[in-house]
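Computed from a predicted model, the values in this text were never measured in an experiment.
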Amino acid sequence: RPQEMKLVVCGKGGSGKSTVSALMAREMAERGNKVLVVDTDESNFGLYKQLGLPQPKDFMDCMGGKKGLGERMRKFMKSEGKEKLSILQDFSLADIPAELIVGEDGIKLVAIGKIHDYGEGCACPMGALAREFIEKLKADGMHVIVDTDAGIEHFGRGVEAGCDKIVVVIDPSFESVQLSEKISEMGAKINKPVFFVLSRMNEDAAELETLVDKTKVAGSLPFDREVFKACLKGEKVPQLSEMKPIVDRLMAD
């Protein structure tokens, strides 16, 4: 059985997290691995398109939707000691209702929950559910790739607690470099290894390699016109050969 990994992919908004998650999943699946992609970004609807899959229903629907999940969270917050309740118990992929999973060719996709309507409230219940989902999921030989929402709010929610490694997607911008440093600090505090993927690299962006910790760089992905067009049109992203050494590094370390 392959050594399973739970990878959390994070970074600033627009850095290419979903694209990297999709490319990584496809590369792992092409090697014969089973991969589960977990979409925890409540406001981005593009990941399923980049994987070439239909849109999945929200996982939180099986918890009674946002209202039912909120009630469960309130009980969770009030419980103490031996009576401490969990939002989820330990579970495997087989325990998830089939209608909440989409997938093909070794890649399955689950979406924790999305903001669908005006005024429906904050995404905090979804963040709590995402944390529990990652921590309680028994991978059973699968690789799990978690696509997060922009920024570092998910660190505040403790989403990374259940992961094995943190992958930071860095685009050629000062904000992205700054965020990578902050995520590195947080990763060190919770004893999780942090890796960088430099995104949308070209001649103008070459200096980015000098602004980040080289020891953490798993690899670089070029600015690719076909990937750009696929993302623009909402189509399945074409695989990039540059993803191979990145996955090699993540699997080796």
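- In this structure, the side chains of Ile183 and Phe155 come closer than 4.5 Å at one or more pairs of heavy atoms.
- Under a 3.5 Å cut-off, the side chain of Thr210 and the backbone N or O of Glu207 do form a donor-acceptor pair.
- Put simply, the side chain of Ser184 gets close to the backbone of Ser180: a donor and an acceptor are under 3.5 Å apart.
- By the 4.5 Å heavy-atom criterion applied to side chains, Val37 and Val110 are not counted as neighbours.
- By the criterion of side-chain heavy atoms lying less than 4.5 angstrom apart, applied directly or through intervening Ile, Leu, Val, Met, Phe, Trp or Tyr residues, Val9 is grouped together with Val227 in one hydrophobic cluster.
- For the pair Leu51 and Lys236, the minimum side-chain heavy-atom distance is 4.5 Å or more.
- Side-chain heavy atoms closer than 4.5 Å link hydrophobic residues (I, L, V, M, F, W, Y) into clusters, and following such links, even through other members, never connects Ile166 to Leu137.
- For Arg249 (side chain) and Val217 (main-chain N/O), a donor-acceptor pair under 3.5 Å exists by modelled atom type.
- For the pair Leu179 and Ile152, the minimum side-chain heavy-atom distance is below 4.5 Å.
- The CZ atom of Arg131 lies 11.5 Å from the CD atom of Glu160; values are rounded to the nearest 0.5 Å.
- The main-chain N or O of Leu198 is never found under 3.5 Å from a side-chain atom of Ser220 such that the two would form a donor-acceptor pair.
- Judged purely by atom type and a 3.5 angstrom limit, Lys6 uses its side chain to pair as donor or acceptor with the backbone of Ile134.
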Please test Met186 against Lys189 for side chain to side chain contact (heavy atoms under 4.5 Å, CB included), starting from the C-alpha separation and ending with a verdict. CA-CA 5 Å; Met186 290 183 170; Lys189 287 181 180 178; 5.6 Å; no
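- In this structure, the side chain of Asp58 does not engage the main chain of Met60 through any donor-acceptor pair within 3.5 Å.
- Heavy-atom neighbours of Glu203 CD from other residues, nucleotides or ligands within 6.0 Å: at or below the threshold of 12.
- Under the 4.5 Å side-chain heavy-atom criterion for ILVMFWY residues, a single connected hydrophobic cluster contains both Val146 and Leu100.
- Atom-to-atom distance recorded for Arg200:CZ and Ile170:CD1 is 12.5 Å, nearest 0.5 angstrom.
- Between the CG atom of Asp90 and the NZ atom of Lys138 there is a distance of 6.0 Å, given to the nearest 0.5 Å.
- At least one side-chain heavy atom of Ile96 sits less than 4.5 Å from a side-chain heavy atom of Phe133.
- Between Phe195 and Lys216, every side-chain heavy-atom pair lies at or beyond the 4.5 Å cut-off.
- In this pair, Phe228 and Phe223 present their aromatic rings tilted. The plane angle is within the 30 to 60° band.
- Between the CG atom in Asp39 and the CG atom in Leu109 there is a gap of 6.5 Å [rounded to 0.5 Å].
- Side chains of Ser18 and Asp147: a donor-acceptor N/O pair is present below 3.5 angstrom, by distance only.
- Between the side chain of Ser199 and the main chain of Gly16, no donor-acceptor pair closer than 3.5 Å is present.
- Although no hydrogens or angles enter the test, the distance criterion places a donor-acceptor pair under 3.5 Å between the side chain of Lys17 and the main chain of Lys12.
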Begin from the C-alpha positions of Glu27 and Lys244 and carry the test salt bridge (Lys or Arg N to Asp or Glu O under 4.0 Å) through to its verdict. CA-CA 7 Å; Glu27 174 61 30; Lys244 295 181 185 297; 3.5 Å; yes
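- At distances below 3.5 Å, not a single donor-acceptor pair connects side-chain atoms of Thr40 with backbone N or O atoms of Ala130.
- Considering only heavy atoms from C-beta on, Met28 comes within 4.5 Å of Met5 through its side chain.
- Side-chain contact between Glu209 and Lys214 is absent, with no heavy-atom pair separated by less than 4.5 Å.
- At a threshold of 4.5 Å between side-chain heavy atoms, the hydrophobic network of Ile, Leu, Val, Met, Phe, Trp and Tyr places Val8 and Phe196 in two separate groups.
- Counting non-hydrogen atoms of neighbouring residues, nucleotides and ligands closer than 6.0 angstrom, the NZ atom of Lys57 reaches no more than 12 such neighbours.
- Atom CE in Met243 sits 10.5 Å away from atom CZ in Arg26 (nearest 0.5 Å).
- Of all heavy-atom pairs between Lys192 and Ala161, the closest is NZ-O, 3.2 Å.
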Working for side chain to side chain contact (heavy atoms under 4.5 Å, CB included), residues Val177 and Leu208: CA-CA 8 Å; Val177 173; Leu208 178 60; 3.5 Å; yes
Do Leu250 and Val167 pass the side chain to side chain contact (heavy atoms under 4.5 Å, CB included) test, and can you show the C-alpha distance, the side-chain angles, and the key distance before you say yes or no? CA-CA 9 Å; Leu250 293 172; Val167 179; 4.0 Å; yes
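- Between Arg31 and Asp248 there is a salt bridge, since a side-chain N of the basic residue sits under 4.0 Å from a carboxylate O of the acidic one.
- Within the 3.5 Å criterion, the main-chain N or O of Glu226 finds a donor-acceptor partner in the side chain of Asp224.
- We find the NE2-CE distance between His143 and Met251 to be 3.5 Å, quoted to the nearest 0.5 Å.
- Transitive grouping of hydrophobic side chains (ILVMFWY, heavy atoms separated by less than 4.5 Å) brings Val247 and Ile145 into a common cluster.
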